[in-house]
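Remember, predicted model here, so these are calculated numbers, not experimental data. This chain uses plain numbering: 1 for the first residue, then up along the sequence.
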Amino acid sequence: MNIKVLFVVLLFAGLSMFAQEKELELGVYGEILYQHFDYGPNQRVSPTGSLSDNRSIVDIPRFVFQMEYWFSNDIYFEAEVEFEHLGTGSALELEYEEFGEYEFEAEKGGEVLLEEFHITKKFSDLFSLRAGRIIVPVGLLGMAHYPHQYFTTIRPESVSRVVPTIWNETGLEVFGKFDDFAYRLQAVNGLESSGFSSEKWIVEGHQGKFEEIKATDPAFAARLDYNGFHNLQIGLSAYTGNTSDNRPKPSDLDGIGGRVSIINLHGVYNSGDLIVRANYLRGNLEDSDLISIKNSRLSTNIQSARTPVAKSAVAYYAEAGYNIMRILDDKSSYKIFPFGRYEYYNSMEEVEGNVFTDPRFKRDVVTFGVNFFVLSNLVVKADYSMRKVGGFDSNYRDENTIGISIGFKNNF
């Protein structure tokens, strides 16, 4: 076992032995995943996209330790350590976006990540102050990313292919509640534009390749939720920040801001038996044509895609599920949610300059499945996903996936 992994496991095991009520609380969550695909991984292999295939994977997408420690009645510390894809290691990756080029990915064998690490001072319900590594509160997924908080066997791909997931940065946050409203305001380090690409828009601009996180270009995020309707939450979130001065060599875009701006609308209806969720995200990147030119000249050693980046990207989805045990046996402790979801995303929704839109990055995805809640915090999922590439009237091959997963979340 990797020494870092062993250290973290022993640390949390020791803490659990000495946890005291109201001072230290520990938690875990994680997933086990199986997927079967009827298509190949390379969409550039033919004019109609990926070829027919018959392949499967098994994975542990994530296993997370959580800790919350109260120094006093109004000051507390929180941390999350996440193991992704079976721990740590290294591997070669085939980068199909760049025509089958092999790239060495130091993290592809897995990662150990410090997802959250912050201290909070609570002054009142209206106002609290937080500092450290925090979750950027854009959209549904950032604030509701546990396995039992979304229906599909994987997190919504429409979001994860456009913005970082889970999006965490280092900085300051103020948050609180008043009447039926809850708010969050953040100032954090910004993204860096050398990682932007056609396929994933700003996802790989999330800093982490280098030992230091640059904050020359800061970013600002805000979120407002309204909970005044019965069983219904609706909200608005936004993000903005320049990116060019956070590049590994910021001088190569001297005088260019590369500002990323995002607006997100979301809503959740949850009666306990009927659950409906919806999310809409649109983002804009200033100077995208100039960033595309500079990125195309980057060294291969930086391990960035070096493909053009779009001016704007769009992602939205809606899903609904109903607990049929309410009809079959309303006294049962189990819950079974058949569900359906539709999502659309395009990481090249709008381009500028000499950048051309690639229809491969326009996706419509329809998913049907079922969630079986063995316990309120333990769920078994199965789904069938149908992805249409390039629009419903395109000639690209459809891509179908079968997924099975087990997810859990618990405190101890």
Let's go through Thr367 and Ser385 carefully: what are the C-alpha distance in whole Å and the side-chain angles of both, what is the deciding distance for side-chain hydrogen bond (donor to acceptor under 3.5 Å, both in side chains) to 0.1 Å, and is it a yes or a no?
CA-CA 4 Å; Thr367 306; Ser385 179; 3.3 Å; yes
For a side chain to side chain contact (heavy atoms under 4.5 Å, CB included) check, start with the C-alpha distance between Tyr317 and Tyr280, then their side-chain angles and the critical distance, and finish with the verdict.
CA-CA 7 Å; Tyr317 71 88; Tyr280 175 87; over 6 Å; no
Where do Phe196 and Thr307 land on the side chain to side chain contact (heavy atoms under 4.5 Å, CB included) test, with the steps shown first?
CA-CA 8 Å; Phe196 298 169; Thr307 55; over 6 Å; no
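Nearest heavy atom pair, residue Leu253 against residue Ser244, reads CD1-OG, 3.7 Å. Smallest separation of non-hydrogen atoms from Val309 and Ser197: CG2-O, 4.0 Å. Residue Ala182 comes nearest to Lys177 through the heavy atom pair CB-CG, 4.1 Å, listed as atom of the first residue, atom of the second, then distance. What you find for Leu281 and Val162 is that their closest heavy atoms are CD2-CG1, 4.0 Å. The two atoms that bring Pro137 and Arg223 nearest to each other are O-NH1, 3.0 Å, heavy atoms only. A pairwise comparison of heavy atoms in Asp217 and Asn242 identifies CB-O, 3.1 Å as the closest pair.
Distance check, rounded to the nearest 0.5 Å: NE2 of His85 to CD1 of Ile57 gives 9.0 Å. For the atom pair CG of Asp273 and NZ of Lys335, the computed distance is 5.5 Å after rounding to the nearest 0.5 Å. For the atom pair CG (Asn227) and CZ (Phe181), the distance works out to 9.5 Å, reported to the nearest 0.5 Å. In this structure, OG on Ser198 lies 11.0 Å from CZ on Arg360, to the nearest 0.5 angstrom. Annotation: the span from Lys362 atom NZ to Phe392 atom CZ amounts to 9.5 Å, rounded to 0.5 Å. Between the CD atom in Glu350 and the CG atom in Leu285 there is a gap of 11.5 Å [rounded to 0.5 Å].
For an aromatic pair to be called close, the ring centres must be under 6.0 Å apart, and Phe337 with Phe373 satisfies this. Ring centroid separation for the pair Phe71 and Tyr69 comes in under the 6.0 Å cut-off. Between Trp70 and Phe77, the ring center distance fails the sub-6.0 Å criterion. You'll find the ring centres of Tyr322 and Phe339 outside the 6.0 Å limit.
More than 12 non-hydrogen atoms from other residues, nucleotides or ligands lie less than 6.0 angstrom from CZ of Phe178. Shown here is Lys388, whose NZ atom has more than 12 heavy atoms of other residues, nucleotides or ligands within 6.0 Å.
The pair Glu199-Arg161 counts as a salt bridge, with a side-chain nitrogen and a carboxylate oxygen less than 4.0 angstrom apart. The pair Arg387-Glu157 meets the salt-bridge criterion, since a charged nitrogen lies less than 4.0 angstrom from a carboxylate oxygen. Electrostatic pairing of Lys121 and Asp74 counts as a salt bridge here, judged by a charged N lying under 4.0 Å from a carboxylate O. Ion pairing between a basic and an acidic side chain is recognised when a charged N comes within 4.0 Å of a carboxylate O; Glu31 and Arg62 show such pairing.
Remark: side-chain polar atoms of Asp398 are not paired, donor with acceptor, to backbone N or O of Met386 under 3.5 angstrom. One N or O on the side chain of Glu352 and one on the backbone of Ser288 form a donor-acceptor pair closer than 3.5 Å. Side chain of Asp287 to backbone of Gly258: a donor-acceptor contact under 3.5 angstrom is found. For Thr48 (side chain) and Tyr396 (main-chain N/O), no donor-acceptor pair under 3.5 Å exists by modelled atom type. Asn270 places a side-chain N or O within 3.5 Å of a backbone atom of Gly272 that can act as its donor or acceptor partner. Between the side chain of Lys214 and the backbone N or O of Pro248 there is at least one donor-acceptor pair closer than 3.5 Å. A donor-acceptor contact shorter than 3.5 Å is absent between the side chain of Arg130 and the backbone of Gly171. In this structure, Gln35 contributes its side chain and Gly403 its backbone to no donor-acceptor pair below 3.5 Å. Between the side chain of Asn189 and the main chain of Thr170, a donor-acceptor pair closer than 3.5 Å is present. Within the 3.5 Å criterion, the main-chain N or O of Tyr39 finds a donor-acceptor partner in the side chain of Arg55.
Of the candidates Glu78, Glu25, Glu80, Gln66 forms a side chain to side chain donor-acceptor pair (under 3.5 Å) with just one, namely Glu80. With Ser50 as the partner, the side chain to side chain donor-acceptor pair (under 3.5 Å) test is satisfied by one option alone out of Glu399, Arg44, Gln43: Glu399.
At a threshold of 4.5 Å between non-hydrogen side-chain atoms, the residues Tyr239 and Val260 count as touching. Contact of the Glu68 side chain with the Asn411 side chain is not registered, since no non-hydrogen atoms from C-beta on lie closer than 4.5 Å. Looking at Ile75 and Lys122, their side chains never come closer than 4.5 Å, going by heavy atoms from C-beta outward. In this structure, Phe408 and Val379 have side chains that are not in contact, with every pair of non-hydrogen atoms separated by 4.5 Å or more. At least one side-chain heavy atom of Val163 sits under 4.5 Å from a side-chain heavy atom of Ile202. Using a 4.5 Å cut-off on side-chain heavy atoms (C-beta onward), Arg184 and Met143 make contact. Side chains of Leu141 and Ile166 form a contact here, defined as non-hydrogen atoms less than 4.5 Å apart. The shortest side-chain heavy-atom distance between Ser347 and Lys200 does not fall under the 4.5 Å cut-off.
Between the side chains of Tyr344 and Glu349, a donor-acceptor pair is found at a separation under 3.5 Å. A side-chain N or O of Tyr34 and one of Ser56 form a donor-acceptor pair less than 3.5 Å apart. For the residue pair Thr165/Arg155, the side-chain donor-acceptor check at 3.5 Å is not satisfied. Counted by atom type alone, Asn410 and Asn377 present one or more donor-acceptor pairs between their side chains at under 3.5 Å. Side-chain atoms of His148 and Asn371 form no donor-acceptor pair, as typed in the model, at a separation below 3.5 Å. Side-chain contact check for Arg247 and Asn295: at least one donor-acceptor pair (N or O, by modelled atom type) lies under 3.5 Å. Side-chain atoms of Glu116 and His118 form a donor-acceptor pair, as typed in the model, at a separation below 3.5 Å. Glu173 and Gln186 form a side-chain donor-acceptor contact under 3.5 Å, judged by distance and modelled atom types alone. Asn400 and Asp38 form a side-chain donor-acceptor contact under 3.5 Å, judged by distance and modelled atom types alone. Side chains of Asp383 and Thr152: a donor-acceptor N/O pair is absent below 3.5 angstrom, by distance only. With hydrogens and angles left out, the side-chain atoms of Tyr183 and Asp225 include no donor and acceptor closer than 3.5 Å. Side-chain contact of Asn264 with Asn279: a donor-acceptor pair under 3.5 Å is present, judged by distance alone.
Arg133 forms no cation-pi arrangement with Phe117, by the criterion of a distance under 6.0 Å to the ring centre and an angle within 45° of the ring axis. Relative to the ring axis of Tyr316, Arg282 does not place its NZ or CZ within 45° and under 6.0 Å from the centre.
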